[in-house]
Participant: 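Have a look at this one.
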Amino acid sequence: NDSHNYACIYKIKSALIPDYVLKQIRVQNHLIASILRARGNTMAMFGHIKKDRFDIGVEIKIKPEFEEVIKTDQMIKIKDRISKTEKLLVNCGHTEGLSHDERMSLSDFFYLQAQNGLTFGRFATEVVYNQESHEQDKAKRFNRFRPADAGTMAPAFKKSDSGQIGAAVRKEAIETLKQVSKNLNLKLDFGKLEQQEYSWIQVIDGQPKQAFTAEEMIIYNLYPSTDVEHRGYPVSPIDTCISSITTHLSIDAYNKLYFQNGRAAKGMLVLNSADIDQTTVDAIKKDFYASINSVNNSFRVPIFGMGPDDSVQWVNMMSNAGEGEFQFLYDQVARNILSTFNMSPDELPGYGHLSRGTNSQTLSESGNEFKLT
């Protein structure tokens, strides 16, 4: 469908949650943030060289079948190369000529990529090459690799994805981009773009800003999908549990309003008096809200002056059973989110109680009513 691409240059993510919304969810929802941090910290533990066989981390070993036939002088050279490769790996490439703020450890790389993978269903790695070409073969020489924002990477649109109409639209769009490239600060080689050498287009605020070849940008899908509607984009865990996440956010918003606005339990204040008119009721409402709203007014008790024949009564409109169901819903949506990420509640501080049933009565305590007779 031509409506699912941007001027036949890159494919638009249309049937799934937009990436900018995924970014907001992982920041605003504390449960999602805790899950991503926990998984990121777990992966960061592997970002160093193993000290011994009991340690966890990176280790480069020679296969036993090759180790048996390698000669001593060859083994010395191989171990030297292994040592250099390990240093290159834990530093995410070469460090010569880089300031301290430009360097990155493998632990930080794993931490960021684990969070990106769980958020967007994929992670992107930019491979940086030296600017100077090799004198002999003129080939690009590897320098370092860095994590990239997978939420801004879109698959490039190929000619094979459309017919002659799509090719014409693409040609016209490229010509337009050439004219406005200076104003948009585009980092595009239009020759490579026309020859379809680019595999990924970086899109920021809906505009293509930069393009990468398959050698410059490596993107791995953790949750691939064959659905045509997904246009090659993965189905992230957040996509599959967005209903529970929305409910979880709504409950948090409810509790926030309950605290910020001084909202008491749901009910109705009934005033029985023949002398009360609408003006008096409005004044009572104003004084009542002023006495309970904000943290500074917490625990203040409003006082009403009533006659001997008048009365004030509070009618509660929420039973204990309803509040219990509300707590059960909050715990259940948390279980749904955790299970979507394949995470046990015991892995997160403060959520261990979700490993046990929220209801006081479980199947084992229900008197065997669930059994067939």
Side-chain angles (χ1 to χ4, degrees), residues 23 26-27 30-68 70 72 74-130 140-151 153 212 215-223 234 236-237 338 341-352:
K23 291 182 179 182
R26 73 174 179 179
V27 172
H30 62 86
L31 179 55
I32 299 296
S34 299
I35 293 173
L36 297 184
R37 289 194 185 99
R39 286 289 181 254
N41 290 331
T42 300
M43 290 302 303
M45 297 171 61
F46 293 85
H48 66 275
I49 304 299
K50 288 182 63 175
K51 299 177 181 179
D52 49 53
R53 64 189 183 92
F54 300 103
D55 193 14
I56 59 175
V58 177
E59 182 181 16
I60 301 178
K61 297 181 65 176
I62 303 174
K63 292 183 178 181
E65 58 269 24
F66 296 106
E67 192 172 7
E68 296 176 356
I70 294 177
T72 304
Q74 294 176 329
M75 182 64 71
I76 295 175
K77 295 180 180 180
I78 292 175
K79 287 186 176 180
D80 182 61
R81 293 182 62 183
I82 289 177
S83 178
K84 293 180 180 179
T85 303
E86 289 177 342
K87 181 180 178 181
L88 196 69
L89 186 61
V90 297
N91 291 318
C92 296
H94 297 284
T95 58
E96 293 82 2
L98 297 179
S99 60
H100 288 286
D101 58 338
E102 292 177 327
R103 300 180 183 182
M104 173 171 284
S105 66
L106 188 62
S107 294
D108 293 337
F109 178 83
F110 283 164
Y111 177 84
L112 294 172
Q113 294 293 51
Q115 292 198 357
N116 287 335
L118 292 178
T119 302
F120 307 109
R122 56 182 179 159
F123 52 81
T125 302
E126 181 181 2
V127 182
V128 182
Y129 297 90
N130 287 334
K140 294 186 297 185
R141 294 179 62 86
F142 166 80
N143 184 268
R144 60 190 182 273
F145 60 91
R146 293 292 185 268
D149 186 356
M153 297 299 169
F212 301 91
E215 295 179 351
E216 297 170 338
M217 183 65 62
I218 301 174
I219 296 183
Y220 181 78
N221 284 357
L222 295 175
Y223 310 97
S236 69
L338 287 166
F341 285 90
N342 293 326
M343 174 172 281
S344 170
D346 297 320
E347 298 183 55
L348 295 180
Y351 286 90

Participant: Considering only residues two or more places apart or on different chains, which pairs with a residue in residues 98-124 satisfy salt bridge (charged side-chain N to carboxylate O under 4.0 Å, His left out)?
Facilitator: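 Passing the test, one end in residues 98-124: D19-R122.
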Participant: According to side-chain hydrogen bond (donor to acceptor under 3.5 Å, both in side chains), who are the partners of S107, at least two apart in sequence or on a separate chain?
Facilitator: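 Testing S107 for side-chain hydrogen bond (donor to acceptor under 3.5 Å, both in side chains), a comparison that skips the adjacent residues, returns none.
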Participant: Given side chains that start at C-beta, do those of L118 and M343 come closer than 4.5 Å, heavy atoms only?
Facilitator: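 Contact flag for L118/M343 side chains = no.
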Participant: Who passes side-chain hydrogen bond (donor to acceptor under 3.5 Å, both in side chains) against N91, sequence neighbours left out?
Facilitator: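 For N91, no residue satisfies side-chain hydrogen bond (donor to acceptor under 3.5 Å, both in side chains) once neighbours in sequence are set aside.
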Participant: Taking only residues two or more places apart in sequence, or in another chain, which ones meet F123 in a ring-ring contact (aromatic ring centres under 6.0 Å, His included)?
Facilitator: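 With sequence neighbours excluded, F123 shows a ring-ring contact (aromatic ring centres under 6.0 Å, His included) to Y220, given in chain and number order.
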Participant: Minimum heavy-atom separation for Q113 and T125, please, with both atom names.
Facilitator: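 In this case the closest contact between Q113 and T125 is NE2-OG1, 3.0 Å.
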Participant: Can you name the nearest heavy-atom pair linking M153 to D149, along with the distance?
Facilitator: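 Closest heavy-atom pair between M153 and D149: CG-O, 3.6 Å.
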Participant: Nearest 0.5 Å, what's the OG1-CD1 distance between T85 and I78?
Facilitator: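 So the gap between those two atoms works out to 11.0 Å.
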Participant: Give me the atom names and distance for the closest heavy-atom approach of A150 to F120.
Facilitator: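 For A150 and F120, the tightest heavy-atom pair comes out as CB-CD1, 4.0 Å.
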Participant: Test: salt bridge (charged side-chain N to carboxylate O under 4.0 Å, His left out). Region: residues 51-67. Which pairs qualify, not counting sequence neighbours?
Facilitator: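 Sorted pair list: K50-E59.
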Participant: Quick one: side-chain contact (heavy atoms from CB on, under 4.5 Å) partners of V58, sequence neighbours excluded?
Facilitator: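 For V58 the side-chain contact (heavy atoms from CB on, under 4.5 Å) partners, ignoring immediate neighbours, are I49, L89, L106.
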Participant: Sequence neighbours excluded, which residues qualify as side-chain contact (heavy atoms from CB on, under 4.5 Å) partners of P345?
Facilitator: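 With sequence neighbours excluded, P345 shows a side-chain contact (heavy atoms from CB on, under 4.5 Å) to L338, Y351, L354, S355, given in chain and number order.
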Participant: Which residue pairs pass the ring pair (Phe, Tyr, Trp, His ring centres under 6.0 Å) test with at least one member in residues 91-110, sequence neighbours excluded?
Facilitator: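 For residues 91-110, and leaving out neighbouring residues, the ring pair (Phe, Tyr, Trp, His ring centres under 6.0 Å) pairs sorted by first residue read F109-F145.
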Participant: Which residue pairs pass the salt bridge (charged side-chain N to carboxylate O under 4.0 Å, His left out) test with at least one member in residues 75-90, sequence neighbours excluded?
Facilitator: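 Sorted pair list: D80-K84.
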Participant: Of all the heavy-atom pairs spanning P147 and L112, show the shortest one and how long it is.
Facilitator: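 Nearest pair, atom of P147 first, then L112: CG-CD1, 3.8 Å.
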Participant: The criterion is side-chain contact (heavy atoms from CB on, under 4.5 Å); which residues satisfy it with Q74, sequence neighbours excluded?
Facilitator: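 For Q74, the residues satisfying side-chain contact (heavy atoms from CB on, under 4.5 Å) (neighbours in sequence not counted) are I70, K71.
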Participant: Can you give the donor-acceptor pairs under 3.5 Å from side chains of residues 32-47 to other protein atoms, not counting sequence neighbours?
Facilitator:
| unit_1 | atom_1 | unit_2 | atom_2 | d |
| --- | --- | --- | --- | --- |
| S34 | OG | H30 | O | 2.8 |
| R39 | NH1 | E347 | OE1 | 2.9 |
| R39 | NH2 | N342 | O | 3.2 |
| N41 | ND2 | R37 | O | 3.1 |
| T42 | OG1 | A38 | O | 2.9 |

Participant: With sequence neighbours left out, write down each residue that passes side-chain contact (heavy atoms from CB on, under 4.5 Å) with V128, or none if nothing qualifies.
Facilitator: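 Partners of V128 under the side-chain contact (heavy atoms from CB on, under 4.5 Å) test: E126, R144.
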Participant: Can you tell me how far the CD1 atom of I62 sits from the CD1 atom of I82, to the nearest 0.5 Å?
Facilitator: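 Here the interatomic distance stands at 4.5 Å.
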